[in-house]
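Reviewing the structure listed below.
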Amino acid sequence: MTYRLFVHIIFLMMPFVSVNAQLLSEKNNFTRQDTLRGSITPERSWWDLTYYHLDIKINPDDKYISGKNTIQYKVLENKNVMQIDLQHPLKIKKVLQNNEELIVKHDGNAHFITLKSNQTVGSLQNIEVYYEGHPKEAVNAPWDGGFSWKKDKNGNHFVATSCQGLGASVWWPNKDHMYDEVDSMLISVNVPKNLVEVSNGRLRKIEEFTDTKTYHWYVANPINNYGVNVNIGDYVHFSEIYDGKNGNLDMDYYVLRDNLKKAKEHFKDAPKMMKAFEHWFGPYPFYKDGFKLVEVPYLGMEHQSSVTYGNNYMKGYLGNDLSGTGWGLKFDFIIIHESGHEWFANNITYKDIADMWIHESFTAYSENLFLDYYYGKKASADYVIGTRNGIANDRPIIGFYNVNNEGSGDMYYKGANMLHTLRQLIEDDEKWRHILRGLNSTFYHQTVTTQQIENYLSKESGIDLTAFFNQYLRTIKIPALEYKIENKQLKYRWTNSVGNFDMPIQVTINEKEQWLFPKADWKTMPLNSNATTLTIDPDFYVYVKKL
Ligand SMILES: [Zn+2]
């Protein structure tokens, strides 16, 4: 998801105003609905998603949708009550299995369906969920998402969905938990004839009717729920073939008619992005589905293989440099950030949104790797260090598990700085690149937990990173290197740190670079004199305190 700039500005302007906590909607009281939405309930765990066919009609004049989702699944355990999610005010009209209507018990946004036929372990089964209604309108897409029903300058409908966090069940019925990705999906959308509809994957066919058209988009790869999207507008299309790591990659662009000329120029950042990220992260993970940029009436989102774009054809983040260094204006923030998510979010996906840092920390970090590729290591370091001004340290990066709760917005730039610090510890950029690529091949098309990522990074780096991740992901404390110089001795230790925190740090003492290995207890190092200057390498995200 896109970094939410207003939080950043508020923190810069009003650091001591207590309203911040409310604005960040910190939540500690969770309801039964949160548990139904956020946990792997018994009514979810017994079946494994294999295929969706979402087949809907969208009427922008009435802001109305209707249709069905056919859900194919493999039976893992012989049970007969299934949870499907669909959010109010949309209504399930009926549910069928083998053409027989089933009984549905509603519990808020969770719907419990009693199946009649025997659910033989290992068998593939289908249910059809019919639904309709006026879906929730997006208040502030993509953060407070739903349907954005907008118009372009020429008065044409310009419609798009966004639903990370909120959940895909805000606009279509599905198993709305991230642990289980569907293996493939067909998205069929009927729209008024004068409009074009763009979803994920490849356009299989267009069916023409008297006043409408149905677009059929096929996704050949596993896809997470919030990645599925519908975009409708007076689109025009252009494309190119990118000579990538895994062969020819189709890169397709859908933009509003009036923007074609500037898009052709501005979207040159897309193949540049592909080149840098294939270098750092390995092959684009969805060659079968191609890559698309699709213009939308909101800022942007990492919809898989149809990354959505609304950055007004400007460099930076709506023309702003999040780092304050100038480097942030060298690229279109949305093209780089949202496409970075193809590796971290769409290829490697969190099982629980509490672990959303896996998406956002690596992707925020990808912004400076893009700079690193084209402008060098110094530019990249300046950028990521510059983004520290947006860190709030208000709440831990990891949220609460099993209740659909995301952690602090610090998952973006505190997370990026944590990874930049880790790069220093690894002290070998080729090894670091190998690790980033290894993450993408090891967890290819998988959903994962923080623990899996931590274990992988510890193993591959050869460093026990347990305390490191406990410090940066699970507390709001930034480690402080405390030191004093007396009697020709340097005394130093870590404070404000978790137990066992013993991160080495690179410092310069009297113009000589060296590593220190501080712990919570004081350590001592002999010096030639008391007239000593000590500076820490600014690449490390720590504080320093001279006593
Ligand atoms: Zn993001």
Side-chain angles (χ1 to χ4, degrees), residues 1-8 24 138 140-145 160-168 178 200 223-229 269-270 273 276-277 280-281 285 291 293-294 296 298-311 316-318 320-323 328 331-350 352-371 383-384 387 390-392 397-399 406-420 436 439-440 447-448 450 453 473:
M1 188 181 281
T2 299
Y3 181 66
R4 197 168 184 173
L5 188 59
F6 90 90
V7 172
H8 172 88
L24 290 167
N140 183 24
W143 303 283
D144 189 352
T161 59
S162 59
C163 57
Q164 188 180 17
L166 180 63
M178 296 288 288
N200 316 73
I223 185 167
N224 67 48
N225 289 341
Y226 83 80
V228 176
N229 74 151
D269 265 5
M273 169 282 297
F277 289 168
W280 279 107
F281 302 144
F291 173 87
L293 271 181
V294 185
V296 288
Y298 62 87
L299 188 54
M301 190 69 202
E302 66 256 30
H303 298 117
Q304 183 175 311
S305 71
S306 65
V307 170
T308 48
Y309 177 85
N311 199 31
Y317 180 112
L318 291 170
N320 298 291
D321 174 7
L322 294 183
S323 75
F331 57 92
D332 181 305
F333 179 90
I334 291 298
I335 295 177
I336 303 310
H337 179 95
E338 303 308 335
S339 303
H341 277 307
E342 293 280 30
W343 286 264
F344 293 96
N346 298 336
N347 187 35
I348 306 175
T349 308
Y350 56 67
D352 189 308
I353 198 168
D355 291 335
M356 188 168 163
W357 76 276
I358 297 167
H359 297 194
E360 299 303 346
S361 298
F362 283 96
T363 300
Y365 183 68
S366 79
E367 294 156 25
N368 73 77
L369 290 182
F370 176 85
L371 286 169
Y383 178 85
V384 69
T387 61
I391 298 174
I397 285 177
I398 294 181
E406 57 190 75
S408 165
D410 282 346
M411 69 178 84
Y412 291 82
Y413 293 108
K414 183 179 168 187
N417 274 284
M418 175 187 77
L419 294 171
H420 184 65
L436 294 171
L439 278 168
N440 276 283
T447 62
V448 300
T450 289
I453 299 299
L473 294 177

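When a ligand or atom number is given, it counts from 1 through the structure's own listing order. This structure is a prediction, so every number in the text was calculated from the model and none was measured.
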Task: Side-chain donor or acceptor of N311 paired with backbone N/O of G316 under 3.5 Å - done: yes
Task: E360, N/O/S atom nearest the Zn ion (ligand 1) - done: OE1
Task: H359 backbone or side-chain N/O/S under 2.8 Å from the Zn ion (ligand 1) - done: no
- [ ] In sequence, state the C-alpha distance, the side-chain angles, and the governing distance for S366 and F344, and then conclude on side-chain contact (heavy atoms from CB on, under 4.5 Å).
- [x] CA-CA 9 Å; S366 79; F344 293 96; over 6 Å; no
Task: Aromatic ring pairing F277/W343, orientation class (parallel under 30°, perpendicular over 60°, tilted between) - done: perpendicular
Task: Presence of N, O or S from Y3 under 2.8 Å of the Zn ion (ligand 1) - done: no
Open item on the list: Contact between M178 and T447 at the side-chain level, heavy atoms closer than 4.5 Å - yes or no?
Closed with: no
